[in-house]
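All ligand and atom numbering here is 1-based and tracks the order in the structure. As the structure is a prediction and not an experimental result, all values here were calculated from the model.
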Amino acid sequence: MDFEIVSSDIPSLETECLVVAVETEGTLSSAAKAADEASSGYISEILNGGDISGKSAQTLLLHKVPGLAAKRVLLLGLGKAEDRNDRNFRKAVKAAMGVVKSTGVSSVTFALGENLTNDEDQYRQLRHLVEWSGHELYSYDETKSKKADPLKLEQISIHTSEEDSEIAETALLDGTAIVNGTSIARDLGNLPGNFCTPTYLAEQALELDDEFEDLTATIVDEEEMEALGMHCLLSVGNGSEQPSKLIVMEYKGGEEGDKPHVLVGKGITFDTGGISLKPGAGMDEMKFDMCGAASVFGAMTAICEMALPINVVGIVAAAENMPSGHATKPGDIVTTMSGQTVEILNTDAEGRLVLCDALTYAGKFEPASVVDIATLTGACIIALGHHATGVLSNNDDLAAELLQAGDQAADKGWQLPLWDEFQEQLDSNFADIANIGGRPGGTITAACFLSRFTKEYRWAHLDIAGVAWNSGGKEKGATGRCVPLLTQYLLNQAADEE
Ligand code: BES
Ligand code: MN
Ligand code: ZN
């Protein structure tokens, strides 16, 4: 999608659809007032008629409004001042885009003014407008024989005042990078397990290497992993015909000696549970078990597009978890790259098994921080529902930075404790650690397991099990979370560098 910032006066704006805001009780925003004046009160007359009150996400499409160059005017409700929050703003953008899509216009101009949310940060408001309008244009047709009709919409313009136009341009660049990254994550997530294999993910990394000068991809294959001692990661793919891959993407936007920020994604391209087989109902959704990896791909693409002046390493631990005669069995003990031994009591707790070796591998980059992202536990859905990413860390400052990035990006996380009390649940009679800690605090004990491999650096774990995709119904599909949070975190690191 082509986005642009415009600052010309409202009546002369040439667009197929001019979107202006109505606040509750029919108050017009400044752009709406300008349109109303140019049309000699045509819009206020319609408001007085009661067709739209300005409740959040209400829409009313007007044709042939006199005195305007715009072909149509879409009145969009923004609600009461006290309800002007991210959530309602996002709903309003979604409603507007619904009309824009169904009307089939080729251009739209948002002239919503400065009070989209109560937050006064113009950059943030405009960036969200870019991200969220772009988000609504996503459609998946990769594996359909009948492709989606090409979008009629070619251009989204955002109207701002002259003095805000510089901030608006930055918001546009960052917003498009984030929405592009999010789309990449959604595409990878939605692609089924027979297409999206560890090898396919490795190919995607090589394509990014081709596309971006500053990014180098290296694929560590099973033989090399064996030599590195990554027996725990390898044990997950034992039952699969698909070879496991450790995918490493190094982005060098910073100075030579700058310590990198490392992202590590869980890339289970399908999770049957292995010998600890999952029940059949809804198992198809375990194609989404590589959404952590997908968010790493999305964030890496976004930072390449924004050319951030920092060094970042993206690591993806990719494997398929299948039952077979070669599969790992409950009770099997494997040695990790760190030397610690693990008793695999449940082969369905496989995410931590691939991540632990990837996290040990991450240590060799002498990282400034390491953040892993994983659809790790069903328990996280019980704890936080489908709204917040679970955040656990061995460093409270790092946790705070990630929570703040989530708030800024409207891609929220919530911290869970990582107290020593929980560690004992992982005691094993036969190995250094067990891979499960029982039902109580399942998200926390999973993070405790990972914490045994991250002692050397600042580390945080993001459990995206509840937010990475929508289940069932028309909205079923990958969400692209938490690309916005990760990208914001890295944007903030880049800002600190300056
Ligand atoms: N990928 C799943 C976690 C998951 C389940 C995410 C459902 C989203 C929806 C993970 O590999 C898994 O199976 N975890 C087990 C761990 C348990 C065996 C300790 C779980 O959560 O049940
Ligand atoms: Mn599992
Ligand atoms: Zn899994």
Atom 8 (C) of ligand 1: the protein heavy-atom neighbour that sits closest, reported with distance to 0.1 Å
W469 CH2, 3.3 Å
Minimum heavy-atom distance A319-S244, with the two atoms named
CB-OG, 3.5 Å
Near-ring test F453/W459, centroid separation under 6.0 angstrom
no
Shortest protein heavy-atom distance from atom 1 (N) of ligand 1, along with the residue and atom involved:
D289 OD1, 2.8 Å
According to side chain to side chain donor-acceptor pair (under 3.5 Å), who are the partners of E250, at least two apart in sequence or on a separate chain?
none
Closer than 2.8 Å to the Zn ion (ligand 3): does that hold for any N, O or S atom in D348?
no
Indicate, as side chain, backbone, both or neither, the part of L376 found under 4.0 angstrom from ligand 1 when only non-hydrogen atoms are considered.
backbone
For the Zn ion (ligand 3), the closest N/O/S atom belonging to D271
OD2
OE2 (E350) to the Zn ion (ligand 3) to NZ (K266): angle, nearest 10 degrees?
90°
Nearest non-hydrogen partners of T479 and H135, listed with the distance:
O-CE1, 3.5 Å
Using a 4.0 Å cut-off to any heavy atom of E350, which atoms of ligand 1 qualify?
11 (O)
Can a side-chain donor-acceptor contact be found between N394 and Y457 if the only test is distance below 3.5 angstrom?
no
What are the two closest non-hydrogen atoms of L376 and A465, and how far apart are they?
N-CB, 4.2 Å
among protein heavy atoms, the one nearest atom 5 (C) of ligand 1 is M286 CE, 3.8 Å
What heavy-atom pair brings L398 and S369 nearest, and what distance separates the two atoms?
CD1-CB, 4.2 Å
Please examine the side chains of M225 and L233, heavy atoms only from C-beta on, and report whether any two atoms are closer than 4.5 Å.
yes
Where the side chain of D332 meets the backbone of I344, is there a donor-acceptor pair that is under 3.5 Å apart?
no
Count the heavy atoms of every other residue, nucleotide or ligand shown that sit under 6.0 Å from NZ of K144, and state whether that count exceeds 12.
no
Contact summary for F430 and E343, nearest pair of heavy atoms:
CD1-OE2, 3.4 Å
Nearest non-hydrogen protein atom, atom 2 (C) of ligand 1:
D271 OD2, 3.6 Å
Per-atom contacts of ligand 1 with K278, taking only distances under 4.0 Å to non-hydrogen atoms
12 (C), 13 (O)
Should you measure from each heavy atom of I436, which atoms of ligand 1 turn up under 4.0 Å away?
19 (C)
Residue pair Y138 / N190, side-chain donor-acceptor N/O under 3.5 Å:
yes
Ring geometry between H261 and Y489 (parallel below 30°, tilted from 30 to 60°, perpendicular above 60°):
perpendicular
Protein heavy atom at shortest distance from atom 12 (C) of ligand 1
D348 O, 3.2 Å
Between E350 and D271, is there a side-chain heavy-atom distance shorter than 4.5 Å?
yes
Can you list the steps and then say if Q488 with Q404 is a side chain to side chain donor-acceptor pair (under 3.5 Å)?
CA-CA 9 Å; Q488 184 70 57; Q404 193 200 3; over 6 Å; no
Ligand 1 versus E285: contacting region, heavy-atom distance under 4.0 Å:
neither
What protein N/O/S atoms are there under 2.8 Å from the Mn ion (ligand 2), waters excluded?
D271 OD2, D348 O, D348 OD1, E350 OE1
Could you check atom 18 (C) of ligand 1 against the protein and tell me its nearest heavy-atom contact, residue, atom and distance included?
N346 ND2, 3.5 Å
Output yes when a protein non-hydrogen atom is found under 4.0 Å of atom 22 (O) of ligand 1, and no otherwise.
no
For atom 6 (C) of ligand 1, what's the nearest protein heavy-atom neighbour? Residue, atom name and distance, please.
A465 CB, 3.7 Å
Shortest protein heavy-atom distance from atom 4 (C) of ligand 1, along with the residue and atom involved:
G378 N, 3.8 Å
Residues V264 and A362: closest non-hydrogen pair is CG2-CB, 4.4 Å
Could you establish whether T445 and ligand 1 come within less than 4.0 Å of each other, counting only heavy atoms on the residue side?
no
Which N/O/S atom belongs to D289 and is the closest one to the Zn ion (ligand 3)?
OD2
Backbone, side chain, both or neither: what part of K266 comes under 4.0 angstrom of ligand 1, heavy atoms only?
side chain
From L376, does some N, O or S atom reach closer than 2.8 Å to the Zn ion (ligand 3)?
no
